[in-house]
Enquirer: 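Pasting a structure here, questions to come.
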Amino acid sequence: DTGAAQFTVRKAGFNALESATVNGVPLVLPHADGGLEVSSGGALYTSALDGGSEVAIEENGPLKAVIVAKGTATSASGGRSFLYTIRLYFYKGSSAVKATATLRNAALGGSAKTLDWAQLRIPLALSGVRTAKFSVDGGTMKSGSLAGGQTAWLYQGKPSMMYHSNTDRIAGALTGD
């Protein structure tokens, strides 16, 4: 509870945010999917299917709390791929959440995996029109309207710079999908 928002984080089958309520309005409802999703060789692996994930409070101060989740992205058939560490940062008086992710290709099963793509997905329970905001290059904020059925995403093409070819739509972030 940051004062502005209440968050729930699931330990087993880490799915990023299990629920989130901002100013009394539920924005994320309990769900079984989401979290870290990784594609390797065309197969989908997720943290939500990782029954062995470990989640702990890493920092619990008066102004900031940090939750760390560690585990292995797992497929529906039980296959394992990349090791992950995800940190969620929560700040007093704020409804914003900062997330950082680290993937490790530890050659599980004796062979390294190819990374096709990775994303952190949190299914939202939107009603009406909301504003999606992303901090991009140099801390500049990009924002735009997001309604139910739309998706917001941010493509990070280089570790040192976030970009997309369509900067008129939240750095290319809003789609009708």
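FYI, side chains are in, hydrogens and waters are out, and symmetry mates aren't considered; it's all heavy atoms of this structure.
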Enquirer: Between CG of Asn105 and OG1 of Thr114, what distance do you get to the nearest 0.5 Å?
Expert: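 Nearest 0.5 Å value for the CG-OG1 distance: 8.0 Å.
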
Enquirer: Suppose clustering is done on Ile, Leu, Val, Met, Phe, Trp and Tyr with side-chain heavy atoms closer than 4.5 Å. Which residues sit in the same group as Val25?
Expert: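 For the cluster that includes Val25, the remaining residues are Val22, Leu27.
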
Enquirer: Would you list the pairs meeting side chain to side chain donor-acceptor pair (under 3.5 Å) in which at least one residue belongs to residues 40-54, sequence neighbours left out?
Expert: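 Those involving residues 40-54 are Asp50-Tyr84.
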
Enquirer: Can you name the residues that form a side chain to side chain contact (heavy atoms under 4.5 Å, CB included) with Ile57, not counting sequence neighbours?
Expert: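 Once residues adjacent in sequence are excluded, the partners of Ile57 under the side chain to side chain contact (heavy atoms under 4.5 Å, CB included) criterion are Asn60, Ile67.
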
Enquirer: Taking salt bridge (charged side-chain N to carboxylate O under 4.0 Å, His left out) as the definition, give me every residue that meets it alongside Asp116, ordered by chain and number, with sequence neighbours left out.
Expert: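 For Asp116 there are no salt bridge (charged side-chain N to carboxylate O under 4.0 Å, His left out) partners, ignoring immediate neighbours.
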
Enquirer: Kindly give the cluster partners of Tyr91, where membership spreads through any ILVMFWY side chain lying under 4.5 Å from a current member.
Expert: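 When side chains under 4.5 Å apart are linked, the cluster holding Tyr91 also contains Val66, Tyr89.
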
Enquirer: State which residues pass salt bridge (charged side-chain N to carboxylate O under 4.0 Å, His left out) with Lys64; sequence neighbours excluded, sorted by chain then number.
Expert: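 With neighbours one apart ignored, the set is Glu59.
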
Enquirer: Using the side chain to side chain donor-acceptor pair (under 3.5 Å) criterion, which residues pair with Ser75? Sequence neighbours excluded.
Expert: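 Ser75 satisfies side chain to side chain donor-acceptor pair (under 3.5 Å) with Ser77 once adjacent residues are dropped.
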
Enquirer: Got a sec, which residues hit side chain to side chain contact (heavy atoms under 4.5 Å, CB included) with Ala96, two or more places apart in sequence or on another chain?
Expert: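 By the side chain to side chain contact (heavy atoms under 4.5 Å, CB included) rule, Ala96 matches Ser94.
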
Enquirer: Identify the two heavy atoms, one from Ser145 and one from Val129, that lie closest to each other, and give their separation to 0.1 Å.
Expert: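 It is CB-CG1, 3.7 Å.
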
Enquirer: Any chain of hydrophobic side-chain contacts (each under 4.5 Å) joining Val55 to Val97?
Expert: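 Same cluster: Val55 reaches Val97 through Ile, Leu, Val, Met, Phe, Trp or Tyr contacts under 4.5 Å.
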
Enquirer: Compare every heavy atom of Ala32 with every heavy atom of Ala48, then report the nearest pair and how far apart it is.
Expert: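 Looking at all heavy atoms of both residues, the closest pair is CB-O, 3.4 Å.
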
Enquirer: At what distance, to the nearest 0.5 angstrom, does CG of Asn15 lie from CG of Leu120?
Expert: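 Nearest 0.5 Å value for the CG-CG distance: 9.5 Å.
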
Enquirer: Identify the heavy atoms of Leu103 and Ala118 that sit nearest to each other, and give their distance.
Expert: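 Where Leu103 meets Ala118 most closely, the heavy atoms are CD1-CB, 3.8 Å.
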
Enquirer: Can you pull out every salt bridge (Lys or Arg N to Asp or Glu O under 4.0 Å) where at least one residue sits in residues 20-30? Sequence neighbours excluded, please.
Expert: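 Qualifying pairs, neighbours excluded: none.
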
Enquirer: Looking at Thr85 and Lys70, what are the two nearest heavy atoms and their distance?
Expert: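 For Thr85 and Lys70, the tightest heavy-atom pair comes out as OG1-CG, 3.8 Å.
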
Enquirer: State, to 0.1 Å, how close Ile86 and Ala101 come at their nearest heavy-atom pair, and which atoms those are.
Expert: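 Closest approach of Ile86 to Ala101, heavy atoms only: CG1-CB, 4.2 Å.
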
Enquirer: Which residues pass the side chain to side chain contact (heavy atoms under 4.5 Å, CB included) test with Leu29, not counting sequence neighbours?
Expert: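 With neighbours one apart ignored, the set is Pro26, Ala125.
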
Enquirer: Would you call Asn23 and Ser95 a side-chain contact if the rule is heavy atoms closer than 4.5 Å?
Expert: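 When only atoms from C-beta onward are counted, Ser95 and Asn23 do not touch, as no gap falls below 4.5 Å.
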
Enquirer: Thr131: which residues meet the side chain to side chain donor-acceptor pair (under 3.5 Å) condition with it, sequence neighbours left out?
Expert: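 Residues passing side chain to side chain donor-acceptor pair (under 3.5 Å) with Thr131: none at all.
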
Enquirer: Show me, pair by pair, the donor-acceptor contacts under 3.5 angstrom made by side chains of residues 3-10, not counting sequence neighbours?
Expert:
| from | atom 1 | to | atom 2 | distance (Å) |
| --- | --- | --- | --- | --- |
| Gln6 | NE2 | Asp1 | OD1 | 3.3 |
| Thr8 | OG1 | Ser19 | OG | 2.9 |
| Arg10 | NE | Ala12 | O | 3.2 |
| Arg10 | NE | Gly13 | O | 3.0 |
| Arg10 | NH1 | His31 | O | 3.2 |
| Arg10 | NH2 | Gly13 | O | 2.6 |

Enquirer: Provide the closest heavy-atom pair for Ala99 versus Leu88 in the form atom of the first, atom of the second, distance.
Expert: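 Heavy atoms only, the tightest pair is CB-CD2, 3.8 Å.
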
Enquirer: Evaluate the side-chain proximity of Val28 to Leu124: yes if any heavy-atom separation is below 4.5 Å, no if none is.
Expert: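 Heavy-atom side-chain distance check passes, below 4.5 Å.
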
Enquirer: Mind checking whether Thr74 and Arg80 have side chains closer than 4.5 Å, heavy atoms only?
Expert: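 Result yes, sub-4.5 Å side-chain heavy-atom pair found.
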
Enquirer: Taking Val38 as the starting point, is it possible to reach Leu49 by hopping between hydrophobic residues whose side chains are less than 4.5 Å apart?
Expert: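 Result: no, two separate clusters.
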
Enquirer: Any chance you could measure Arg121, atom CZ, to Leu36, atom CG, to the nearest 0.5 Å?
Expert: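 One gets 11.5 Å once the value is rounded to the nearest 0.5 Å.
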
